[in-house]
J.: 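Here's a structure for you.
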There are 2 protein chains.
Amino acid sequence: MSDKYEGLKLKNQLCFPLYAVSKEIVKRYKPFLDRIDLTYTQYITMMVLWEHKCLNVKELGEYLFLDSGTLTPLLKKLEQKGLVERCRNKDDERILQVTLTKAGEKLKEKAVDVPASMMSCVHLEEKEAESLYRILYKILGEFSEDAEEG
Amino acid sequence: MSDKYEGLKLKNQLCFPLYAVSKEIVKRYKPFLDRIDLTYTQYITMMVLWEHKCLNVKELGEYLFLDSGTLTPLLKKLEQKGLVERCRNKDDERILQVTLTKAGEKLKEKAVDVPASMMSCVHLEEKEAESLYRILYKILGEFSEDAEEG
DNA sequence: TTTGATTGCATTGTACACAATTTAATTTCG
DNA sequence: CGAAATTAAATTGTGTACAATGCAATCAAA
């Protein structure tokens, strides 16, 4: 029955639904994030900063799985908006410290409803959400290990 | 214990691991796809064409969850590579039909090992893979319904 | 201590993604 | 029929993503 091309069908891929769902969910964030004038990538960057207050570019990249090619222009934009400050570490001039401004800290108040608003866009049972979460972090964990070895 | 900002922590998001895993897996496709000179998006586009032979831009977009803004330049690039032909439908000039060339059809032979190669990059148990697949398609299904309702 | 390697970030170039708008073709309806 | 609405692609503008490269600061080791 199954020809040798069966594996090349879109519906037999695991990556494709991941890719599609990820994009579609990010798209559904837009109306909520428009209200606080952030893109999705800017939003998750702010989220890490809200939790950790001060991080350098490398640390941000490790949390977000993004490199300096993405983060450098993004952080400059957040600086333009007055949400973060970028300043070199005195002890090691290579390191760029990113800290929240007062406006950046304050934006947290306006963002607090976003997660709950988003939950209403994806209808999963508690068990499914937990299962999805666990499996995704299992994969991410392996990828992080690869990065440490590599 | 849990303050009102608990929901804003990265680790409490379901979207973030989706976004990160999706990107990381696509990244891991690169060495395999380089061999056949395709990007990931070009690869999934070819995959749909290998299965359906001839599709218009709208149909491709529905399969791939992509719009003409992404597909138009991508299809022009595949045409440049000699993998597809783009020609207007005679009965309705608005519609652009995309068909495989012989070279495009032949590339399927070289791509046949890609899915198996990729499987070795993500270590999931059969049950986990099935569960992940089912949940993702459940979400995608809802999103498709939303699109139909408009 | 000096030079060779490494590190942290920035830059460049290519390729998506998608919202918003435009254009041209077709359909619908008064 | 003929104007208005709809549809399918293409275009434009903004914002990621990331590989590859560049560069300055720091580290390491002989």
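First the proteins, then the strands, lettered A, B, ... as listed; each starts at 1. Bear in mind the structure is a predicted one, so any value in this text is a computation, not a measurement.
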J.: May I ask you to list the residues of residues 41-49 of chain B, by number, that have any heavy atom positioned under 4.0 Å from an atom of DNA chain C?
T.: B/Thr41, B/Gln42
J.: Test of understanding: with salt bridge (charged side-chain N to carboxylate O under 4.0 Å, His left out), list the residues that count as partners of B/Lys9, not counting sequence neighbours.
T.: B/Glu6
J.: Determine which pairs satisfy side chain to side chain donor-acceptor pair (under 3.5 Å) with at least one residue from residues 17-26 of chain B, sequence neighbours left out, and list them in order.
T.: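 Residue pairs with at least one partner in residues 17-26 of chain B: B/Glu24-B/Lys27, B/Glu24-B/Arg28.
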J.: Could you tell me whether B/Lys53 atom NZ has more than 12 heavy atoms of other residues or ligands within 6.0 Å of it?
T.: yes
J.: Looking at DNA chain C, which of residues 86-98 of chain A put a heavy atom within less than 4.0 Å of it?
T.: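 Output list: A/Arg86, A/Arg88, A/Arg94, A/Ile95, A/Leu96.
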J.: Heavy-atom contacts under 4.0 Å between residues 57-75 of chain A and DNA chain D, which residues?
T.: A/Phe65, A/Leu66, A/Asp67, A/Gly69, A/Thr70, A/Leu74
J.: On DNA chain D, nearest-nucleotide positions of B/Glu24 versus A/Lys77: which is more 5'?
T.: A/Lys77
J.: Under 3.5 Å, side chain of A/Glu109 to main-chain N/O of A/Lys106, donor-acceptor pair present?
T.: no
J.: Any side-chain heavy atom of A/Leu38 within less than 4.5 Å of one from A/Thr45?
T.: no
J.: Taking only residues two or more places apart in sequence or in another chain, which ones pass salt bridge (charged side-chain N to carboxylate O under 4.0 Å, His left out) with B/Arg86?
T.: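 B/Arg86 satisfies salt bridge (charged side-chain N to carboxylate O under 4.0 Å, His left out) with B/Glu79 once adjacent residues are dropped.
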J.: Going 5' to 3' on DNA chain D, which nucleotide is the first and which the last to come under 4.0 Å of a heavy atom in chain A?
T.: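 That gives a stretch of D/dG15 to D/dT26.
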J.: Between B/Thr72 (side chain only) and B/Ser68 (backbone N and O only), is there a donor and an acceptor less than 3.5 Å apart?
T.: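 At least one qualifying donor-acceptor pair exists.
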J.: Between the side chain of A/Glu51 and the main-chain N/O of A/Val48, is any donor-acceptor distance below 3.5 Å?
T.: no
J.: Would B/Tyr133 and A/Gln13 count as having a side-chain donor-acceptor pair, cut-off 3.5 Å?
T.: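 No pair is found: no donor N or O on one side chain lies under 3.5 Å from an acceptor on the other.
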J.: Taking the side chain from B/Lys81 and the backbone from B/Asp37, do they hold a donor-acceptor pair closer than 3.5 Å?
T.: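 Side chain of B/Lys81 to backbone of B/Asp37: a pair is present.
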J.: How are the rings of B/Trp50 and B/Tyr43 set to each other: parallel, tilted or perpendicular (split at 30° and 60°)?
T.: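 Plane angle over 60°, so perpendicular.
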J.: Looking at residues at least two apart in the chain, or sitting in another chain, which of them share a salt bridge (charged side-chain N to carboxylate O under 4.0 Å, His left out) with B/Arg88?
T.: none
J.: Under the salt bridge (charged side-chain N to carboxylate O under 4.0 Å, His left out) test, which residues partner B/Asp67, sequence neighbours left out?
T.: none
J.: Distance-only criterion, 3.5 Å: show the donor-acceptor pairs between side-chain atoms of residues 95-104 of chain A and protein atoms not counting sequence neighbours.
T.:
from, atom 1, to, atom 2, distance (Å)
A/Thr101, OG1, A/Gly82, O, 2.5
A/Thr101, OG1, A/Leu83, O, 3.1
A/Thr101, OG1, A/Ala103, N, 3.4
A/Thr101, OG1, A/Gly104, N, 3.0

J.: Could you tell me the boundaries of the chain B footprint on DNA chain C, defined by atoms under 4.0 Å from its heavy atoms?
T.: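 From 5' to 3', the first and last contacting nucleotides are C/dA15 to C/dT26.
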J.: Going by the side chain to side chain donor-acceptor pair (under 3.5 Å) test, which pairs reach into residues 111-126 of chain A, not counting sequence neighbours?
T.: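 Residue pairs passing side chain to side chain donor-acceptor pair (under 3.5 Å), neighbours aside: A/His123-B/Glu142.
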